[in-house]
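Here's the structure, in structure tokens; my notes come after.
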Amino acid sequence: MILKDFGGIVNASRSLICAYKSDMWKDKFKEEEFGKATRAEAIRMRDELNGSIKK
């Protein structure tokens, strides 16, 4: 039996919720724009994970 395509689980809730406070996003988004910062961080994380998988 060959097993493949195992997925992974990444718990990033805190880093997403507080993305607007992080060094990467604090100068780009205000506290009121936490949703935009969260989206930007989620996209960055997705791209980083996908880049790691391809290696």
Side-chain angles (χ1 to χ4, degrees):
M1 183 166 142
I2 299 173
L3 301 174
K4 65 175 191 169
D5 297 327
F6 284 91
I9 297 173
V10 177
N11 181 354
S13 57
R14 186 170 296 144
S15 59
L16 290 172
I17 291 169
C18 298
Y20 71 95
K21 295 180 181 181
S22 73
D23 289 340
M24 182 174 291
W25 304 114
K26 68 182 177 185
D27 295 330
K28 296 180 182 180
F29 299 104
K30 299 176 185 174
E31 187 173 349
E32 304 82 46
E33 299 176 305
F34 71 91
K36 291 180 182 180
T38 300
R39 183 176 193 281
E41 179 63 9
I43 291 169
R44 186 201 66 75
M45 291 172 130
R46 178 201 63 196
D47 293 346
E48 185 177 332
L49 287 167
N50 284 337
S52 295
I53 291 169
K54 292 178 184 177
K55 290 182 179 179

### Task
Kindly compute the distance separating CD (E33) from CH2 (W25), expressed to the nearest 0.5 Å.
12.5 Å
### Query
So, the side chain of T38 versus the backbone of L16: is there a donor-acceptor pair under 3.5 Å, distance only?
yes
### Message
Working note: S52 + N50, criterion side chain to side chain donor-acceptor pair (under 3.5 Å); need CA distance, chi angles, decisive distance, verdict.
### Response
CA-CA 5 Å; S52 295; N50 284 337; over 6 Å; no
### Task
Could you give me the CA-CA distance, side-chain angles and deciding distance for V10 and M45, then say whether side chain to side chain contact (heavy atoms under 4.5 Å, CB included) is met?
CA-CA 10 Å; V10 177; M45 291 172 130; 5.6 Å; no
### Task
Examine distances only and state if a side-chain atom of N11 and a backbone atom of S13 form a donor-acceptor pair shorter than 3.5 Å.
yes
### pair Y20-K30: side-chain heavy atoms closer than 4.5 Å
no
#### Entry: Atom pair SG/CD of C18 and E31 - distance to nearest 0.5 Å
10.0 Å
### Query
Should we count CZ of R44 as having more than 12 external heavy atoms under 6.0 Å?
yes
### Message
Minimum heavy-atom separation for A19 and A37, please, with both atom names.
### Response
CB-O, 3.6 Å
### Pairs satisfying ring pair (Phe, Tyr, Trp, His ring centres under 6.0 Å), at least one member in residues 31-51, at least two apart
none
### Message
Using every non-hydrogen atom in the two residues, find where M24 and E41 come nearest and quote the distance to one decimal.
### Response
SD-OE1, 4.2 Å
